[in-house]
2 protein chains.
Amino acid sequence: MSLTFEGVLADRSTWRLDDCSIAKSMEVVGTRSSMLILREAFYGTTRFDDFTRRTRIGDAIVAARLKELTVIGLFDRRPYREPGKRTRYEYHLTDKGRDLFPVVFALMQWGNKHLQGDDGGPLRLVEQGTGEAVVIGARTVSGRDVDPEDLAIVAHGDWAGPQPS
Amino acid sequence: MSLTFEGVLADRSTWRLDDCSIAKSMEVVGTRSSMLILREAFYGTTRFDDFTRRTRIGDAIVAARLKELTVIGLFDRRPYREPGKRTRYEYHLTDKGRDLFPVVFALMQWGNKHLQGDDGGPLRLVEQGTGEAVVIGARTVSGRDVDPEDLAIVAHGDWAGPQPS
DNA sequence: AGGCTGGCTATCAACTAGGAAAGTCAGGTG
DNA sequence: CACCTGACTTTCCTAGTTGATAGCCAGCCT
């Protein structure tokens, strides 16, 4: 499989990628600790000590990452107060953070398949209710699955539907 | 959104994740340089100097990564020879490497939406032929889209379809 | 008031990622 | 044969990630 380039991109020797979104994303969330904290957040964790216990990452790093991810806008920091305790903060995923869902679970899916024993790793994603296995993959906005062979890359603003050949 | 845990996982306080596939995946491909090299590989690049030019990563790092990713089994190293040149090697994605497709393009999708200007970044994925926009997301193996709200996590071997309530 | 607890903060050291630049080496060219 | 080129390799250096350990401080408890 290799992707097809459409339009102005067709000749690969005439352009180079400057503003790569993949590179930018990696600079924001491209660390093990960020990913594990995000994993926990998807699992419903919101409090500092739960993050540290469940990820087994040191508290200094968790504190630094939560701050950083909050500044970037992946977490929303909300005060809460338990009876008899002072005010603390909970960290809730924002929409921007939730949108990382495919990234985090595509990593899990790949690790389950290729880095674990034959059992396929400890956890799996299923649909609630039916229990049907869930996969992270490509589909068109209208909901059809897309075979990886049939994918193409276009430049922004360089596509007006299929061209007559 | 936070995921539901099914079966033995239901009480979050009784278990801790040891063998996390996300952590394992990040240790293998969790660097900017690996991701950019994979990006180029999906774009069809196979040769050393094309990787260095198109990713703008130094040759030392590209060499180290290609070797490492080949050892891990993401690339297959094949000799080739151009007329008047000596034998060189091309790096082709294996199935294991190709399976990282959702990871790489989920990162691109997220970066396009959240880290670029209003234009949404330089490149987009479409279906070849129809030109319809493509998204990376969750669906059941039978092909239905799954709303992130309706996802659940189960432990391996701990699910036999929906239970009577 | 004084001690304790929990959520951070600060410091230090080990390790890794990455850029730059020079070195190596097979093999083709003059 | 000497030279050159392209594909790496090696070395050096800087910056960032991580773990470990210790410190800080608000506010509850006695």
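To find a chain, count down the sequence lines: A is the first, B the second, and so on, and within it residues start at 1.
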Q: Can B/Asp99 and B/Lys96 be counted as an ion pair, charged N to O under 4.0 angstrom?
A: no
Q: Starting from P on D/dC8, measure out to CZ on B/Arg77 and report it in whole angstrom.
A: 6 Å
Q: Taking the side chain as everything from C-beta on, heavy atoms only, tell me whether B/Arg12 gets closer than 4.5 Å to A/Tyr43.
A: yes
Q: Grab the OH-P distance between B/Tyr89 and D/dT9 for me, whole Å please.
A: 11 Å
Q: Would you mind reading off the distance between A/Lys67 atom NZ and C/dC8 atom C1', rounded to a whole angstrom?
A: 8 Å
Q: Between the side chains of A/Arg53 and A/Glu40, is the shortest nitrogen-to-carboxylate-oxygen separation below 4.0 Å, so that they form an ion pair?
A: no
Q: Return the value, rounded to whole Å, for the distance between atom CD of A/Glu68 and atom P of C/dC8.
A: 16 Å
Q: Report the distance from atom CZ of A/Phe48 to atom P of D/dA26, rounded to the nearest whole Å.
A: 17 Å
Q: Produce a footprint string for nucleotides 18-29 of chain C: one letter per nucleotide, 5' end first; B if the base is under 4.0 Å from any protein heavy atom, S if only the sugar-phosphate is, - if neither.
A: BBBB----BSS-
Q: Distance-only criterion, 3.5 Å: show the donor-acceptor pairs between side-chain atoms of residues 57-68 of chain A and protein atoms not counting sequence neighbours.
A:
from    : atom 1 : to      : atom 2 : distance (Å)
A/Arg65 : NE     : A/Ser33 : OG     : 2.7
A/Arg65 : NH1    : A/Glu68 : OE1    : 2.7

Q: Please determine whether a side-chain nitrogen or oxygen atom of B/Tyr91 lies at a distance below 4.0 Å from atom OP1 or OP2 of D/dA7.
A: no
Q: Could you state the atom-to-atom distance from CG of A/Leu66 to P of C/dT9 in whole Å?
A: 10 Å
Q: Do you see a donor-acceptor pair shorter than 3.5 Å between the side chains of B/Gln128 and A/Thr4?
A: yes
Q: Please state how far atom CZ in A/Arg47 lies from atom P in C/dG7, giving the value in whole angstrom units.
A: 9 Å
Q: May I ask you to check whether A/Ser21 and B/Asn112 show a side-chain donor-acceptor distance below 3.5 Å?
A: yes
Q: Using whole Å, what does the distance between atom C1' of nucleotide D/dC8 and atom CZ of B/Phe75 come to?
A: 16 Å
